Amino acid sequence: MTVIVAGKLIQDPAALSELARQVLACIDGGVQWLAWAIPHPQVSFTVADETTLLDEVQQGLHGSPMTLLPKWGLMLGPVKLMTLGSANLRLLAQCESGDASSAMWAQAERFLLDQRLYTAQQLNEASAFLRALGVGAAPLFQAIGLNERVTLTELAIGIGDTRSDSVAVTPLRKEAAAFAVEQARTVAEFCDYYQFYLVYARKRDALSATATVRAQLASEAMATLLPLAFGALDCPQLEDRLPAPMEVDSALRHWLARGGKVGFARLSQAVLQVAEHSAFTTETGAAAARLLEQYLGAAHAFLDRHRIAEGRLEQDGATLSFTVRGERQQARLHLSAARVLSLRSFGSLT
């Protein structure tokens, strides 16, 4: 098999970058496959770059886009591994081999935490959190993928879009979970509606009201906002490849210049963000529609004035998040594995 990467014939593993070789070593059978492929010229294996090489080797050998580091219990995309840097990969590999001190393990654990990379043990906290909320047995959670489990884990430990003083399971949070599991059809929607319930209860100053009153208020607000949010789902489609932040920013500039809109990835996300970051309280009809349009208009004006400050490849190695910061406001964007760019949040800096 002739192996060609970025137009370069690979006749020796050393022809790959050190980073690519390190990630290839993390893929079970990856090094052995390359050693087998190089001396077999009958079939050609040609890829555009090293990231594509690693992704295709992972998928080709294991039928899955995720690489597993079994001793860590860490599952992530091989392209995400490449972003961690050679020194950190050496540290993780040494721990994975069992040849590391307790101090090295502690250093690696801190690094993973800083990178928001979650092991199986940490991801299991999502299931414990759902059980504590009283919704763990709901059919909605019968088949949870990696990205969904990461989202639930971050919800459980308090990493999210909404402000919260505590992540302790309280009666109010159980109410929010019961409301969300009834409304949602996906895990992402559950997280949105859960946060929406908490946000809207505070916004309506209903924390001292009864659970019945809070649920009624939330239901009425949803009934108003959901039909209006159909017009807030328009999003740009980028090229089918993993882009750099500069490329995403350029695509965003062109999209906005042509009058395009950057909406939300789903209706529930629009409901949450409008409830939290706009002046919406009890408005209905044209008044509510006007508030939604004002919110989206402000978001688009902000994106037009400010550049993407930073990007982050998620644990799956396929989706990305971006931050756009101003003096008093911040927007967060999300690029899906299907390369759809959407607005995750827009509001005041806290």
Side-chain angles (χ1 to χ4, degrees), residues 1 3 5-6 8 10-40 45 47 49-128 144-150 152-154 157 159 242 312-320:
M1 180 179 289
V3 179
V5 179
K8 177 182 178 182
I10 305 299
Q11 296 178 305
D12 186 279
L16 297 175
S17 68
E18 180 185 3
L19 196 56
R21 295 197 304 273
Q22 286 177 294
V23 175
L24 195 66
C26 292
I27 300 172
D28 188 31
V31 172
Q32 293 85 347
W33 173 85
L34 186 62
W36 168 84
I38 287 174
H40 286 75
F45 182 83
V47 290
D49 50 40
E50 290 184 336
T51 59
T52 307
L53 168 72
L54 296 167
D55 185 58
E56 293 197 8
V57 169
Q58 168 63 41
Q59 299 226 36
L61 295 181
H62 299 287
S64 167
M66 295 293 108
T67 299
L68 175 66
L69 304 183
K71 283 193 170 60
W72 277 106
L74 180 65
M75 186 172 285
L76 71 173
V79 180
K80 178 62 180 179
L81 277 168
M82 283 199 80
T83 69
L84 303 183
S86 289
N88 294 314
L89 281 176
R90 279 194 294 272
L91 177 62
L92 292 177
Q94 193 161 355
C95 293
E96 185 69 20
S97 71
D99 185 24
S101 65
S102 57
M104 293 175 69
W105 271 95
Q107 180 185 347
E109 286 172 348
R110 287 194 299 272
F111 171 73
L112 292 179
L113 186 63
D114 289 342
Q115 292 292 310
R116 285 167 58 181
L117 294 175
Y118 302 106
T119 64
Q121 182 178 356
Q122 292 164 323
L123 292 174
N124 283 337
E125 292 181 17
S127 298
I144 305 178
L146 175 64
N147 286 348
E148 294 169 324
R149 196 167 289 279
V150 167
L152 285 168
T153 298
E154 295 196 331
I157 62 179
I159 298 176
L242 197 66
R312 178 179 180 275
L313 186 64
E314 302 295 348
Q315 186 161 335
D316 67 349
T319 56
L320 299 102

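The structure presented is a predicted model; accordingly, all values stated were derived computationally and were not measured. Along the sequence shown, residues carry numbers from 1.
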Presence of salt bridge, Lys8 and Glu50, under 4.0 angstrom: no
Check each of Leu146, Leu112, Thr153 against Tyr118 using the side chain to side chain contact (heavy atoms under 4.5 Å, CB included) test, and report the only one that passes. Thr153
Pairs touching residues 19-29 that satisfy side-chain hydrogen bond (donor to acceptor under 3.5 Å, both in side chains), sequence neighbours left out: Gln22-Ser86
Name all pairs fulfilling the side-chain hydrogen bond (donor to acceptor under 3.5 Å, both in side chains) condition that reach into residues 60-74, sequence neighbours left out, sorted by first residue then second. Gln58-Thr67
Using atom types as modelled and distance alone, determine if a side-chain donor or acceptor of Gln315 lies under 3.5 Å from a backbone N or O of Leu76. no
Atom pair [atom1] ([X]) and [atom2] ([Y]), whose distance is rounded to the nearest 0.5 Å:
X	Y	atom1	atom2	result
Gln32	Leu24	CD	CG	8.5 Å
Leu81	Leu54	CG	CG	9.0 Å
Leu123	Arg149	CG	CZ	6.5 Å
Ile157	Leu152	CD1	CG	11.5 Å

With sequence neighbours left out, write down each residue that passes side chain to side chain contact (heavy atoms under 4.5 Å, CB included) with [X], or none if nothing qualifies.
X	result
Gln107	Leu91, Arg110
Thr51	Asp49, Val79, Met82
Met75	Met66, Leu68

For a side chain to side chain contact (heavy atoms under 4.5 Å, CB included) check, start with the C-alpha distance between Val150 and Glu314, then their side-chain angles and the critical distance, and finish with the verdict. CA-CA 10 Å; Val150 167; Glu314 302 295 348; 5.8 Å; no
Is a side-chain donor-acceptor pair under 3.5 Å present for Thr83 with Arg312? no
Can you sort out the partners of Asn124 under side-chain hydrogen bond (donor to acceptor under 3.5 Å, both in side chains), two or more places apart, ordered by chain and number? none
